[in-house]
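The structure appears below as structure tokens.
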Amino acid sequence: MAGPRLGLRIYNTLSRRIEDFEPLQPPEVKMYVCGPTVQDLAHLGHAKTYIVFDVLYRYLTFLGYRVRYARNITDVGHIREDIQVDRIIAGAERERLAPMELVDKYMFSFFSDMDSLNIRRPTIQPRATMHIVDMWEAISKLVEKGYAYVVDGNVYFDVSRYEGYGQLSGVRREELMKHRVEPAPGKRNPADFALWKKAESGYLLKWSSPWGEGFPGWHIECSVMSIKHLGEQLDIHGGGQDLIFPHHENEIAQSECITGKKPFVKYWIHVGYLTVNGERMSKSLGNYVSIKDALKKYTANDVRLFILSSHYRSPLDYSEGVMEQFMEFRRRIEDCYFRVLEARGRAAESGEAGVEFAGQIDRVLEEFLSRLSDDLNTPQASASLTELVKIVNAYLDSRQVPVARDLDKAQQAFSTVFEILGLRPPQVESGGERLYLVVERILRLREELRRQGNFKLADTIREALREAGIQVEDTSAGPRFKVAR
RNA sequence: GCCCGGGUGGCCGAGUGGCUAGGCGGCGGCCUGCAGAGCCGCUUUACAGGGGUUCGAAUCCCCUCCCGGGCUCCA
């Protein structure tokens, strides 16, 4: 029997086509993903991007690659164009904190959000402010090589010196020159972008440099940190679609001019937006839901199943109604998993295992993996998860005494799928031992009533428990209950 | 203005030339004292509109309409 076709194929923004994934130095994979500017709470739009890359990280690891994954923290240098102020400073003023206090607050908030969503920690999370010297060394190199020029304490990248400019985004240099809005004075070319900006005397976030006091431009940090921590050429570089231009376009220009090596990145991967009523979820539109707020209503598994229900490159529309659909879907998956755990306790250790069953499980797993290998098709992969649930439920329905080997097979399949999709295996309610004992005793008495034919009172008890958040189900193997979350 | 994506059944959302996506909801069946869960079936001869290519098109080409995004604020 041929094994599953596991060769990953992935869409590359640079070539605009799906390509076979072949890392530069297998089995190592170097992956860099642009992290957030830690100026405010992260929202579900951020969650979408980082969950997608988390699944990619998990899947590459599953395939046997040794993945070095860097995701940065931007804590300086990201200018808000409207007011020409660093986003960190703007946030600090808003919250009446010192800039680095704001950074601390939201960086740790971000970390905790990522953990809550069961997003695996990258192997390194470098911060821009810890690389200021590295940045000006890189900028100096660009100036020396003639790719950048200094104007009154500012350093700009000279786009005209880099031929490939526009290859990633499709933006044409001539267009950029035409449609500029008020180019900064001293720029040779409107399309040139800042590597280092001069800071006025009272400016809060500034460092000394060969060009005087100032701060780095937004794009240089990612070039510098990725090269420093992963190397001069990367296998994967990703982020949200919004970063294609100018951020990633500029990164390519900077990095290739710094190192002299091409290509800077072999595979560029970009994630589609999370939308609300068709419009992009964003802070400025005010249509965003913070990860913390979302997790007050939904579990991490709900959020992940929702986000993975559409293809990563497509936009996905958020609404509470849709989230409720996914809560229902999640419950069904988790209930099936619980059924397996419960059945394991009363399973026959020996006995004829379901030959057909094992084959079905293998087939559905193989299908699951090959769908992920097809440009990370998580919607199809979650359809495979549904299929797994159906097979397992049907098996449990058909057997009075399930066989241990079959259940182990099923549980293993769930483990594999959960691990790759980053779903937390549902936990049996912990710390509720006393509640559990009380409910068990009530149900034992209720069983007695049912045996006596006193269904009216039995139903009343069931209803009372339901109102208390305890759902009772009468099954052929006896009553079961679960505590509502 | 320039450049990208899209418009799929009640809702969400896969699918790039023929082969059941899937979920949620609704209806019916089996099971059950009832309910719930589960399984099965139906809802599903769906693919913005018009033309074309083809034995065959949601899928390729042309035109039109509508929506979203990028064009140095955003994952």
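So you know, we letter chains A, B, ... as the sequences are listed, proteins then strands, and number each from 1.
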- With a cut-off of under 6.0 Å to the ring centre and 45° to the axis, is A:Arg71 in cation-pi contact with A:Phe53? no
- Message: Determine whether the aromatic ring centres of residues A:Tyr50 and A:Phe110 are separated by less than 6.0 angstrom.
- Response: yes
- Message: Looking at the base of B:rG70, is there any donor atom on it, or on the side chain of A:Asp242, that sits under 3.5 Å from an acceptor on the other one?
- Response: no
- Task: Please check the phosphate of B:rG15 (OP1 and OP2 only) for any side-chain N or O of A:Asn377 closer than 4.0 Å.
- Result: yes
- Item | d(CD, A:Glu334; P, B:rG38) in whole Å | 13 Å
- Query: Can a salt bridge be assigned to the pair A:Glu387 and A:Lys390 using a cut-off of 4.0 Å between side-chain N and carboxylate O?
  - Reply: no
- Could you check whether A:Ser310 gets within reach of a base, just the sugar-phosphate, or nothing at all, counting any heavy atom under 4.0 Å? sugar-phosphate
- Task: Record whether the side chain of A:Arg172 comes under 3.5 Å of the base of B:rC2 through a donor-acceptor pair of N or O atoms.
- Result: no
- Message: Measuring to OP1 and OP2 of B:rG69, would you say a side-chain N or O of A:Thr275 lies under 4.0 angstrom away?
- Response: no
- Pair of N/O donor and acceptor under 3.5 Å linking B:rC31 base with A:Asp397 side chain: no
- Using a cut-off of less than 4.0 Å, is there contact between a side-chain N or O of A:Lys390 and OP1 or OP2 of B:rU20? no
- Is the centre of the A:Phe215 ring less than 6.0 Å from the centre of the A:Tyr203 ring? yes
- Decide, applying a 5.5 Å centre-distance limit and a 30° plane-angle limit (both strict), whether A:Phe329 stacks on B:rG23. no
- Task: Could you tell me whether A:Arg58 and A:Asp54 make a salt bridge, using a distance below 4.0 angstrom between a side-chain N and a carboxylate O?
- Result: yes
- Note on the structure: Side-chain atoms of A:Arg450 come closest, of B:rC39, B:rG13, B:rG33, to B:rG33
- Query: Counting only side-chain N and O atoms of A:Arg332, is one of them less than 4.0 Å from OP1 or OP2 of B:rC24?
  - Reply: yes
- Task: Return the value, rounded to whole Å, for the distance between atom CD1 of A:Ile470 and atom C1' of B:rA35.
- Result: 17 Å
- Is A:Glu367 salt-bridged to A:Arg371, going by a charged N under 4.0 Å from an acidic O? yes
- Query: Quick one: is A:His270 getting a side-chain N or O under 4.0 Å of the B:rA75 phosphate, OP1 or OP2?
  - Reply: no
- Task: Whole angstrom is fine here: how far is it from CG in A:Leu195 over to P in B:rU72?
- Result: 18 Å
- Can you tell me how far C1' of B:rA35 sits from CD of A:Glu463, to the nearest Å? 10 Å
- Report which part of the nucleic acid A:Gly278 touches: base, sugar-phosphate, or nothing (heavy-atom distance under 4.0 Å, all strands). sugar-phosphate
- Taking the P atom of each, how far is B:rU64 from B:rG26, in whole Å? 43 Å
- Task: Ignoring backbone atoms, establish whether A:Arg331 has a side-chain N or O less than 4.0 Å from OP1 or OP2 of B:rG38.
- Result: yes
- Base, sugar-phosphate alone, or nothing: which one does A:His311 contact when heavy atoms must sit under 4.0 Å apart? sugar-phosphate
- Quick one: does A:Glu249's side chain have a donor or acceptor within less than 3.5 Å of a partner on A:Leu168's backbone? yes
- The nucleotide from B:rA14, B:rA75, B:rC74 with an atom nearest the side chain of A:Ser314 is B:rA14
- Message: Categorize A:Gly238 for me: base, sugar-phosphate, or nothing, with a 4.0 angstrom heavy-atom threshold over every strand shown.
- Response: nothing
Polar atom pairs between nucleotides 10-12 of chain B and protein, under 3.5 Å, N or O only, would you list them?
unit_1: B:rC11; atom_1: O2; unit_2: A:Gln325; atom_2: NE2; d: 3.3

- Message: Any base atoms under 4.0 Å from A:Ser398, or only sugar-phosphate, or nothing? Heavy atoms, all strands.
- Response: nothing
- Indicate, with a heavy-atom threshold strictly under 4.0 Å, whether A:Val33 touches base, sugar-phosphate, or nothing. nothing
- Item | Nucleotide B:rA75, atom C1' - distance to NE2 of A:His237 in whole Å | 12 Å
- Query: Does any donor-acceptor pair link the side chain of A:Arg480 with the base of B:rA37 at a separation under 3.5 Å?
  - Reply: no
- Query: Which of the following nucleotides, B:rG22, B:rA75, B:rU72, is nearest to the side chain of A:Pro246?
  - Reply: B:rU72
- Query: Taking atom types as modelled, is there a side-chain donor on A:Asn301 or A:Glu334 under 3.5 Å from an acceptor on the other?
  - Reply: yes
- NZ/NE/NH1/NH2 to OD/OE distance under 4.0 Å, A:Glu342 and A:Arg339: no
- Please state whether the phosphate of B:rC71, meaning OP1 or OP2, lies under 4.0 angstrom from any side-chain nitrogen or oxygen of A:Ser169. no
- Message: What is the separation between atom CD on A:Gln471 and atom P on B:rA37, rounded to the nearest whole Å?
- Response: 8 Å
- Query: Looking at the side chain of A:Phe245, which of B:rG23, B:rG70, B:rC74 is the nearest nucleotide?
  - Reply: B:rG70
- Output yes when at least one side-chain N/O atom of A:Arg280 is less than 4.0 Å from OP1 or OP2 of B:rG70, else no. yes
- Message: Looking at B:rA37, I'd like to know if its phosphate oxygens (OP1 or OP2) sit under 4.0 Å from a side-chain N or O belonging to A:Arg339.
- Response: no
- Task: Rounded to the nearest angstrom, tell me the gap between atom CD1 in A:Ile244 and atom P in B:rU72.
- Result: 15 Å
- Using a heavy-atom cut-off of under 4.0 Å over every strand shown, decide if A:Glu473 touches base, sugar-phosphate, or nothing. base
- Message: From the set B:rA35, B:rG68, B:rA75, return the single nucleotide nearest to any side-chain atom of A:Asp474.
- Response: B:rA35
- Message: Less than 3.5 Å apart, any donor N or O on the side chain of A:Glu221 or A:Asn72 sitting next to an acceptor on the other?
- Response: yes
- Message: By nearest atom, which of the nucleotides B:rA75, B:rC74, B:rG38 is closest to the A:Asn393 side chain?
- Response: B:rG38
- Query: Nearest-Å distance, CZ (A:Arg313) to C1' (B:rG6)?
  - Reply: 13 Å
